[in-house]
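Just so it is clear: chains get the letters A, B, ... in the order the sequence lines come, proteins before strands, and each one is counted from 1.
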Amino acid sequence: MTARALILDAPAMQAQPWPRHVLSPETWTQMSRALITDTTLDLRAMWADTTHVHALLHDTEAADFLFASVPVETGLYAALSPARPGAAWFERMIRDLWGHHPADATDTRPWLDHGHWTATPPMAARPLPNLAAPEPAEFLTSVGDDLHHIAVGPVHAGIIEPGHFRFACSGETIVRLEVRLGYLHKGTLGLLRGKSPRVGARFAARLSGDSTVAHSTAFAHAAEAACATAAPPRAASLRAVMGELERIANHLGDIGAIAGDAVFPLLQSRFVWLREAMLRGCAAAFGHRQMMDAVIPGGVAQDLTQDGSTSIHDVLNTIQAEWPRLLALYDDTASLVDRMQTTGILDPTTAARFAPGGFVGRASGQAFDTRRNPGHAPYDRLDVAAAFSDAGDVDARVRVRLFEITESIRLLRILLDELPTGPIALTLPIVSAEGIGWAEGFRGDIWHWLRLEGGLVSHAFLCDPSWRQWPLLQAAIEGNIVADFPLCNKSFNCSYSGVDL
Amino acid sequence: MAWNALLRALRAGPATVALAPPDQADIDELSARLKASSLRKLGRSLAIRQVDSGSCNGCELEIQMTASVVYDLERFGLRFVASPRHADVLLVTGPVTRNMQDALLRTWQATPDPKWVVAIGDCAIDGGVFKGSPAILGGIDAALPVDLVIRGCPPTPAAIIAGLCALVEAHARPDTMPRTREPRTREPRTREPKAR
Ligand code: SF4
């Protein structure tokens, strides 16, 4: 039986928009084996609650989504990592937070739990006090003549988030990179429990600050799905406006930073200047530079200001006026392009095994975009054009993002011109139900799952796209020189806080 | 000719006469004046090391902006350095997660005295929205002595620069050297790497 058939045959629980199929441990084990040969199913997210482990799969052939769960009896469930390498980090996180052990997993080392928590596992029904002293982290080994190791972090040299990087190098060539994260674990999922969606939205907005609009939108979608309702059309359009603004601002900042890492300050300065213009436009239109807490379950917190539309159009005009010159500068600077091309190649075959979303995926042959599939209002009437490349290098990721900026500008103009009138928010009913929501952040597909009991969150998971992109950074860096690491890292720009939860 | 002149000079010994040592009172007065004026002039410069102790990265984005062409922090005598060993100021964001506590403390210990700690953003001040989570300490104050707080979620680049400029002003006054203090937390536990 195929994995798809095994999932669809299992009894379905009520969940929006897809029913949650609860597989018996035996069926789940069969499903995990079937996944090895069923390459059409991509793992998009994996998480747990106190009693079950959940997986969200995307059937690339049928172009639909499957939501599967397994009860965790005797603390064990069959791991998906032997079939889907991208599951390994999820499984380590599930083990640390809920205490469910993945049987036959490819990696059983702790992940978020560095041994400093007072009670473990923190999300379990009954956490136990942790009295043991923290153990030193265990790293993968690299064996070979003349290998040396470089350990960096958690506190890095720049103004970025903390994480620990272990490089095994032969001369200046990187043989293996291993990333250790978890330093930013703030217990966000635990804090969400017992909160109303309205209060919980503040945590979603702060899962990864650079994607605050996208995460807030995914969270709102999940809450609205659970309540079997949808935000008013004007709110949906305003969310999309904010989402596209956020995408442009982040792309501008990151492309600038990449140029900076390639020691080309001219381009960096121009891009950063445009980013600032963008943030000021956002502040003028929505009252906050990052538009934090502007998207709420049920709608948006406030309407576009009176001159908001004009200020956004002004910024878009500024960008478009300078755009051809910036693109020419990028293309004509041989020293810059030389650093970008063939650096940090993520080959499409490796990418396919992890199914990364966003520009990381789109630059390596993965076309997935939640604005098109599964889609949501107002994108279903917009026909989003997707950038696509299979070169997989730093240059390809930059070019995908350059394309996405122009596409977002196009979408914004339409959205602003066709802004529906009407209310900007509705009050969510008090329900006991579960829902999945999604949004396309600048990094890629974001998935949020909520279970509400009496209108309050009883379990939740917020999945950042970086879960499936970090491991690919480790793969893409192999064979590159240490000096190119900042460039490669910036071209992926994975979120630390987003996966540290 | 030249040889003769050289020989004569060598035989005669140095022409420079010895001077009486300066008066000790003069030295003391001059050094006090120098110290005050150098603090006033050179003290208007601070090296900053940023540390993320658990932020959502929103604050980092705005801190990065302060160093960009738009805000150009360096014109105020402030600059970011790559190592705490080169820093006068630790600019700390985040609510101090338990997983970052050791690294934050070690960074603080690596920063030479005198040093200042600036807490940036609402969650660095008291934990912000994350207050009450068992995974955090709840504000930089719970781990290190804090000299200045800059509010906001995140604070704007202008607000960050205004706060830092206030620090520069205070630094330029000779009577406001920071006290040398102890952090409020335990020593980081040193561990032996595990053999594999
Ligand atoms: S203060 Fe706000 S923006 Fe800054 S790190 Fe905390 S939650 Fe993020």
Side-chain angles (χ1 to χ4, degrees), chain A residues 112-114 116-119 122 127 133-139 141 153-162 182-188 190-191 202-203 205-210 212 250 253 256-257 265 268-270 272-273 275-277 279 283 289-290 292-293 495-498 500-501, chain B residues 48-71 80-84 91 93-104 106-107 110 121-123 127-136 152-154 156-157 189 191-196:
Chain A
L112 297 180
D113 185 355
H114 293 191
H116 299 291
W117 298 341
T118 46
E135 296 259 320
E138 222 183 290
F139 289 94
T141 45
V155 179
H156 295 299
I159 305 169
I160 52 166
E161 301 175 78
Y183 295 94
L184 297 171
H185 178 75
K186 299 181 266 293
T188 304
L191 287 167
R202 294 176 61 76
F203 300 103
R206 287 159 184 77
L207 186 73
S208 181
D210 47 14
T212 177
N250 280 304
Q268 180 185 24
S269 308
R270 291 316 301 166
V272 170
W273 191 87
R275 174 182 155 82
E276 175 68 16
L279 297 181
R289 286 161 60 89
Q290 283 76 20
M292 219 171 226
D293 302 320
S495 174
Y496 299 66
S497 182
D500 283 352
L501 298 169
Chain B
I48 307 170
R49 172 64 253 197
Q50 197 265 338
V51 188
D52 174 347
S53 82
S55 98
C56 76
N57 79 29
C59 281
E60 274 63 35
L61 289 178
E62 294 295 53
I63 296 173
Q64 281 170 8
M65 260 312 177
T66 63
S68 72
V69 282
V70 187
Y71 292 95
F80 287 102
V81 291
S83 167
L91 200 63
T93 62
V96 190
T97 63
R98 290 192 188 274
N99 287 354
M100 262 310 278
Q101 185 183 0
D102 275 2
L104 176 63
R106 281 164 192 257
T107 310
D122 290 351
C123 58
V129 294
F130 304 105
K131 214 185 299 178
S133 166
I136 62 164
C153 183
T156 60
R189 283 166 279 189
R191 323 175 184 103
E192 290 305 312
K194 192 155 115 186
R196 268 204 96 194

I'd like to check the ring-ring contact (aromatic ring centres under 6.0 Å, His included) partners of Trp117(A); sequence neighbours left out, ordered by chain and number. His185(A)
Does any backbone or side-chain atom of Val129(B) lie under 4.5 Å from a heavy atom of chain A? Answer side chain, backbone, both or neither. both
With a 4.5 angstrom heavy-atom cut-off, which part of Pro162(A) approaches chain B: side chain, backbone, both or neither? both
dist Cys56(B):SG -> Gln290(A):CD (nearest 0.5 Å) comes out at 8.5 Å
Would a distance-only check, ignoring hydrogens and angles, find a side-chain to backbone donor-acceptor pair under 3.5 Å from Lys186(A) to Gly54(B)? yes
Check: Asn57(B) side chain, Ser497(A) main-chain N or O, donor-acceptor pair, under 3.5 Å: no
Tightest non-hydrogen contact, residues Val272(A) and Ser68(B), listed as CG1-CB, 3.4 Å
Ranking Val70(B), Ile63(B), Ile136(B), Val51(B) by heavy-atom pairs under 4.5 Å to chain A gives rank one to Val70(B)
Which atoms of Tyr183(A) approach chain B - backbone, side chain, both or neither, heavy atom under 4.5 Å: both
Can you tell which part of Thr188(A) gets under 4.5 Å to a heavy atom of chain B, answering side chain, backbone, both or neither? side chain
For Arg49(B) and Val155(A), what are the C-alpha separation, side-chain angles and deciding distance, and is it a side chain to side chain contact (heavy atoms under 4.5 Å, CB included)? CA-CA 10 Å; Arg49(B) 172 64 253 197; Val155(A) 179; 4.1 Å; yes
Distance from Ser55(B) atom OG to Tyr496(A) atom OH, nearest 0.5 Å? 12.0 Å
Arg206(A) side chain vs Gly58(B) backbone, donor-acceptor pair below 3.5 Å: no
Side chain, backbone, both or neither of Val96(B) within contact of chain A (heavy atoms, under 4.5 Å): neither
Atom pair CG/CE of Leu279(A) and Met65(B) - distance to nearest 0.5 Å: 5.0 Å
To the nearest 0.5 Å, what is the distance between CE on Met100(B) and CD on Glu161(A)? 11.0 Å
Once salt bridge (Lys or Arg N to Asp or Glu O under 4.0 Å) is applied, what residue pairs with a partner in residues 50-69 of chain B remain, sequence neighbours excluded? Arg289(A)-Glu62(B)
Which one wins on heavy-atom pair count under 4.5 Å against chain A: Thr156(B), Thr97(B), Thr107(B)? Thr97(B)
Measure the spacing between CD1 of Ile159(A) and CZ of Phe80(B) and express it to the nearest 0.5 Å. 4.0 Å
Distance (rounded to the nearest 0.5 Å) between Glu276(A) CD and Tyr71(B) OH: 3.5 Å
Contact origin within Cys59(B) toward chain A - heavy atom pairs under 4.5 Å: neither
For the backbone of Gly182(A) and the side chain of Asn99(B), can you confirm whether one donor and one acceptor N or O come within less than 3.5 Å of each other? yes
Taking every heavy atom of Val69(B) against every heavy atom of Ser269(A), the minimum-distance pair comes out as CG1-OG, 3.5 Å
Leading residue by heavy atom contact count with chain B [cutoff under 4.5 Å; candidates Leu112(A), Leu191(A), Thr118(A)]: Leu191(A)
